[in-house]
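Inspection log for the structure reproduced underneath, given as structure tokens.
Every number for a ligand or one of its atoms is a count from 1 in the order of the listing.
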Amino acid sequence: MAYTYTHSTLRLNTPQTPSPSLSNPNSHPSSTRFSFKPLRFKGLSIKSNKRFISEAVKSSMAVEVEVFEKEALAVSLAKYVADLSNKFTQQRGAFTVCLSGGSLINYLQKLLEAPYVDSIEWGKWHVFWVDERVVPKDHEDSNYKLAFDGFLSKVPIPSGNVYAINDALSAEGAADDYETCVKHLVNSNVITSSSISGFPKFDLMLLGMGPDGHVASLFPGHPLVQENKKWVTSITDSPKPPPERITFTFPVINASAYIALVVTGSGKADAVHSALRGSETADKLPAALVSPEGELKWFLDKGAASKL
Ligand SMILES: O=C(O)[C@H](O)[C@@H](O)[C@H](O)[C@H](O)COP(=O)(O)O
């Protein structure tokens with residue numbers, strides 16, 4: 001397989017071309033890592049470049065962008081998820097993970113293989129959905145069905161730790177019900193709380209992004225993007241079908257300890273560019289509003305990164 005990318009860790013306050021002179025021999029051989037500080041971000045962490053550690057210390061949010069060759073994205077994502085699973089299961093005996101719909105589930109397939117399938121403490125996972133379509137759980141549009149068929153049915157996560165929506169309810173009812181479920185789990189310390197905002201703090205959110213820059217079911221220009229009180233809300237006019245969905249709100253998304261944004265394909269290159277390099281003053285895409293208390297990492301393929 002031929003690839004032309006070199007390993008680079010760059011500080012990119014203004015658009016630059018990755019420089020081979022900053023090559024980092026410790027990087028993954030099939031990826032290019034950009035750790036940078038677009039102006040709108042509060043800070044950055046560049047783990048592999050000590051010159052910028054002082055900024056990382058001052059920073060409250062770390063952003064990393066890594067561009068992968070095809071197969072390497074899934075390999076790296078599996079290691080990233082497995083490492084966080086180890087960290088949280090050891091620290092507090094539980095790992096709270098939020099899944100998205102769309103192509104994300106396909107990129108988790110390496111977790112079903114050695115060494116991860118046998119080494120991960122699946123019994124300590126608690127699985128949620130960042131957003132869900134309000135359809136029966138056996139419907140082709142269901143994010144639960146997508147995740148169950150492609151991932152959850154293949155690992156020994158206790159069924160009681162998989163928190164699907166109540167598909168017998170309306171969108172509004174399902175959102176309220178899901179919020180109540182999350183509240184119980186916060187009260188029983190399965191989910192932690194943000195000491196900063198008081199919103200539930202999930203260990204890991206795995207997000208996709210649409211070509212329009214939406215994340216979860218938070219779409220550009222939709223009033224739900226501004227929701228700042230509810231934990232879970234409903235939408236009945238989603239521009240992406242099906243129209244009825246529930247979704248975590250931005251305060252919940254941004255309370256997370258870790259967020260991975262997994263985005264592939266050249267059809268998303270404009271939105272990736274806008275989210276990572278867009279102007280401070282223009283209306284931001286939902287993807288540009290992902291700004292967790294903890295660390296954010298973008299996993300991109302070369303198509304999605306082609307306009308950076
Ligand atoms: O239920 C949904 O529709 C998703 O949760 C949605 O937010 C998805 O993650 C993005 O649209 C990206 O989807 P793709 O990766 O398939 O483009």
Just to be sure I read this right, does ligand 1 sit under 4.0 Å from the backbone of [X], its side chain, both, or neither, counting only heavy atoms?
| X | answer |
| --- | --- |
| N143 | side chain |
| E132 | neither |
| A216 | backbone |

* **F248 and F202 aromatic centres sub-6.0 Å** => yes
Identity and distance of the protein heavy atom lying nearest [atom]:
| atom | answer |
| --- | --- |
| atom 8 (C) of ligand 1 | K240 NZ, 3.8 Å |
| atom 15 (O) of ligand 1 | S103 OG, 2.4 Å |
| atom 5 (O) of ligand 1 | D131 OD1, 2.6 Å |
| atom 6 (C) of ligand 1 | H214 NE2, 3.6 Å |
| atom 17 (O) of ligand 1 | K268 NZ, 2.4 Å |

* **Note, E227 side chain near H222 side chain (heavy atom, < 4.5 Å)** => no
* To do: Please work out whether the ring planes of W125 and W122 are parallel, tilted or perpendicular, with thresholds of 30° and 60°.
  => tilted
* Indicate the ring-plane relationship of Y163 and F128, choosing parallel, tilted or perpendicular according to the 30° and 60° boundaries. => parallel
* Is there at least one pair of N or O atoms, one from G101 and one from ligand 1, spaced under 3.5 Å apart? -> yes
Out of [options], which one pairs with [X] under the side-chain contact (heavy atoms from CB on, under 4.5 Å) rule?
| X | options | result |
| --- | --- | --- |
| V290 | L218, V63, L296 | L296 |
| V272 | L261, L285, L308, V65 | L308 |
| W129 | V162, I165, V232 | V162 |

* Hey, are Y116 and S85 close enough side-chain-wise for a donor-acceptor pair under 3.5 Å? -> no
* To do: Could you list which atoms of ligand 1 come closer than 4.0 Å to a heavy atom of R133?
  => 1 (O), 2 (C), 3 (O)
* Is R245 near ligand 1, meaning one of its heavy atoms is under 4.0 Å from it? -> yes
